[in-house]
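Working notes for the structure below.
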Amino acid sequence: MDQFTLNLIVVGATFALYIGIAIWARAGSTSEFYAAGRGVHPVLNGMATGADWMSAASFISMAGIISFGGYNTSAYLMGWTGGYVLLAMLLAPYLRKFGKFTVPEFIGDRFYSQTARTVAVICLITASLTYVIGQMTGVGVAFSRFLEVENTTGLLIGAAIVFFYAVIGGMKGITYTQVAQYVVLIIAYTIPAIFISLQLTGNPIPPLGLFSDAKSTGLPLLETLNGMLKDLGFTEYTKQTDTTLNMFLFTMSLMIGTAGLPHVIVRFFTVPKVSDARSSAGWALVFIALLYLTAPAVGAMARVNLIDTVYPNGTTEAPLAYEARPDWVKNWELTGLLGFDDKNGDGLIDYVADKDANEFTVNNDIITLANPEIANLPGWVIALVAAGGLAAALSTAAGLLMAIASAVSHDLIKSQINPAISEKGELLAARVAMAVAIAVATYLGMNPPGFAAQTVALAFGLAAASIFPALMMGIFSKRINNKGAVAGMITGLVVTIVYIFLHKGWFFVASTASFSDADPMILSIKSTSFGAVGAIINFAVAYIVSNATDEPPVEIQELVESIRIPRGAGQAVDH
């Protein structure tokens, strides 16, 4: 059986499973659409959260970023896992005790202001839409490869499928679909990693294989990779070239952005009790760790295999002739994400650091999906990875669309524009909002502001600068009032998004950028790291404005006190 047919069978089977679950668990009420009826078991919610979290950025793009960025990109791992600790300890149980459907609803009630709720909706949509752009980038990469079509065609097909099952199921359908997607993606990620670790080091545990000796040289794998890269003029894999300031701010931006992302937070509204919120956050961290401990090994081993493909006799010898290129190179050339430009006309693939001499371009986002092909693994493994990549991208895209839809239909239309709207009308509005969001994200995903993981990092920065401070102050400070919260969110969001646009182009049109991440506007702070600075500004503005104006009403201060007390936390009450 040829690889294309095998891909179709495996991916088709997993999609049939997802769509079947979405139909079986179809939301029939607003409670089921927004919060899955608040009846999800903590372990299942942990798995669903893991799938929601391990997006195209984690599954498809993160290993590629690490593979080509080395030590500097380890901040992705630290920031994204560390953020879950913050979320589990500081936010999830308190927000679950509050017992409402959405993050803007909490902010609106806590800061006794519809204006605050509206600003929170704007912040949520801005961060979530940026995040969806990253997901759709990953969807395009995955679909283009397994269907053997151009990247844009793959993106359009993926967008149609995301829309179909997200719109049908709502949060209830998405939750149970994501449980299945987690199982698919974690198997798809770890099995190839085990095979490749055995091939290169003889160690079947990839995180340990990363620090084992390479069979080819007898030296530690990372030392072997450093030598290869040095021979070709690249920076050594284990060397830090980014500034400590930027790496620290980037890690912090990812951490607090994680804790402030609405599509992740809303997962903790789906469990029956407050204690279940903290429990499911702990389970989510366990499930996420399975992939995140494996990703560094996948990245490093993929780079070794890539270089071995181009230089089969060693990096000091002549490279591979283009006519002798393996099938995996030919397959990925069809997507437009890998290319060869014979600049010196010798017919050989020169893969070197010098941009003027380099003839082989590889998009970071293809590494995880191409890894099994590069390592000559069996066809069923390649098909499984394609299914896993699609599961990762689609699960998070659905969760993000859910967050956007609930913000528009529940926090804008029902809360402010048309309070008398029926449940049927509210669900229709939510589904229309999903359709608009996915159309915009698909359009921008055709020309994203970076690789999938980089685009997602921008979304984390926006969430860190706008939503996280409001949630933290709303839970832990009785003094912060509505004026302070609104001023802080607006300032944090505007300052951060302007800094991003100055570096990535206005509305992500690259030609309008005034600076670049290689030459940042302020010190060495890149656009992906500025979210932490935006958060500090948000906290400061909120504190100053709140202390210069009236204290919150007594009943609000009592509400804040009650949120932090675990005793007496019964069933959540919606409206």
Side-chain angles (χ1 to χ4, degrees), residues 83 86 90-91 103-131 245-246 248-250 252-262 265 407 411-412 457-504 506-508 514-515 520-523 525-552 556 560:
L86 287 181
L90 298 179
L91 293 181
V103 169
E105 191 169 12
F106 167 79
I107 290 175
D109 287 1
R110 160 58 185 89
F111 295 112
Y112 52 100
S113 168
Q114 290 288 21
T115 301
R117 187 170 181 171
T118 303
V119 172
V121 169
I122 294 169
C123 294
L124 182 153
I125 291 174
T126 303
S128 296
L129 192 56
T130 305
Y131 203 146
L245 170 65
N246 188 69
F248 172 77
L249 290 175
F250 182 52
M252 288 303 301
S253 182
L254 294 180
M255 283 181 67
I256 62 179
T258 298
L261 274 173
I265 292 171
D411 293 302
L412 280 184
L458 297 175
F460 278 76
L462 293 169
S466 58
I467 297 171
F468 175 78
L471 294 175
M472 283 293 292
M473 291 183 289
I475 293 170
F476 293 102
S477 174
K478 292 187 286 188
R479 184 62 185 86
I480 302 299
N481 61 20
N482 55 355
K483 296 181 180 65
V486 170
M489 284 189 291
I490 291 174
T491 306
L493 177 66
V494 170
V495 168
T496 304
I497 202 165
V498 167
Y499 195 85
I500 289 172
F501 283 163
L502 285 171
H503 290 75
K504 296 295 184 182
W506 292 92
F507 301 100
F508 299 132
S514 302
F515 303 91
M521 176 181 174
I522 300 174
L523 300 176
I525 304 173
K526 298 178 181 178
S527 58
T528 49
S529 309
F530 195 77
V533 179
I536 294 170
I537 294 171
N538 185 332
F539 276 116
V541 169
Y543 179 80
I544 292 168
V545 173
S546 293
N547 280 277
T549 51
D550 296 335
E551 287 190 0
I556 295 297
V560 174

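Since we're looking at a predicted model, the values are computed, not measured.
Considering only heavy atoms from C-beta on, Thr130 stays 4.5 Å or farther from Ile500 through its side chain. Residues Met472 and Leu91 form a side-chain contact, since some pair of their non-hydrogen atoms from C-beta on lies under 4.5 Å apart. Side-chain contact check for Phe250 versus Lys526: every heavy-atom pair is 4.5 Å or farther apart. At a threshold of 4.5 Å between non-hydrogen side-chain atoms, the residues Thr118 and Leu412 count as touching. Using a 4.5 Å heavy-atom cutoff, the side chains of Ile490 and Val119 are in contact. Residues Thr258 and Leu86 have side chains not in contact (no heavy-atom distance under 4.5 Å, counting atoms from C-beta outward). In this structure, the side chains of Tyr499 and Pro520 come closer than 4.5 Å at one or more pairs of heavy atoms.
Between the side chain of Ser546 and the backbone N or O of Asn481 there is at least one donor-acceptor pair closer than 3.5 Å. Asn547 contributes a side-chain N or O that, together with a main-chain N or O of Tyr543, makes up a donor-acceptor pair within less than 3.5 Å. With hydrogens and angles ignored, the 3.5 Å screen pairs no side-chain donor or acceptor of His503 with any backbone N or O of Thr528.
Other residues, nucleotides and ligands place more than 12 heavy atoms under 6.0 Å from the OH atom of Tyr112. Around CZ of Phe248, the count of heavy atoms belonging to other residues, nucleotides or ligands within 6.0 Å does not exceed 12.
The two residues Asn246 and Ile525 have their closest heavy-atom pair at OD1-CA, 3.4 Å. When every heavy atom of Thr496 is checked against every heavy atom of Gly461, the shortest pair comes out as CG2-O, 4.0 Å. Minimum heavy-atom separation, Ser527 to Lys504: OG-CE, 3.4 Å. The shortest non-hydrogen separation linking Ala532 to Met252 is CB-CB, 4.1 Å. Across all their heavy atoms, Ala116 and Met489 have their closest contact at O-CE, 3.6 Å. Residues Leu471 and Ala259 come closest through the heavy atom pair CD1-O, 4.4 Å.
Taking the six-membered ring for Trp and thresholds of 30 and 60 degrees, Trp506 and Phe501 have ring planes inclined between 30 and 60 degrees apart. Note: Phe460 and Tyr131 have tilted aromatic rings, judged against thresholds of 30 and 60 degrees for the angle between ring planes.
Considering CZ of Phe468 and CE of Met473, their distance stands at 9.5 Å, rounded to 0.5 Å. The distance from the CZ atom of Phe530 to the CG atom of Leu502 is 9.5 Å, given to the nearest 0.5 Å. In this structure, the separation between OG1 on Thr549 and CD1 on Ile480 is 9.0 Å, given to the nearest 0.5 Å. Annotation: the span from Gln114 atom CD to Asp109 atom CG amounts to 8.0 Å, rounded to 0.5 Å. Distance CZ/Arg110 to CZ/Arg117: 15.5 Å, rounded to 0.5 Å. To the nearest 0.5 Å, the span separating CG on Asn482 from CG on Asp550 amounts to 9.0 Å.
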Passes side chain to side chain contact (heavy atoms under 4.5 Å, CB included), Phe515 versus Ile522? Steps please. CA-CA 10 Å; Phe515 303 91; Ile522 300 174; over 6 Å; no
Checking side chain to side chain contact (heavy atoms under 4.5 Å, CB included) for the pair Phe111/Val486: CA distance, chi angles, key distance, verdict? CA-CA 9 Å; Phe111 295 112; Val486 170; over 6 Å; no
In sequence, state the C-alpha distance, the side-chain angles, and the governing distance for Leu462 and Leu493, and then conclude on side chain to side chain contact (heavy atoms under 4.5 Å, CB included). CA-CA 6 Å; Leu462 293 169; Leu493 177 66; 4.1 Å; yes
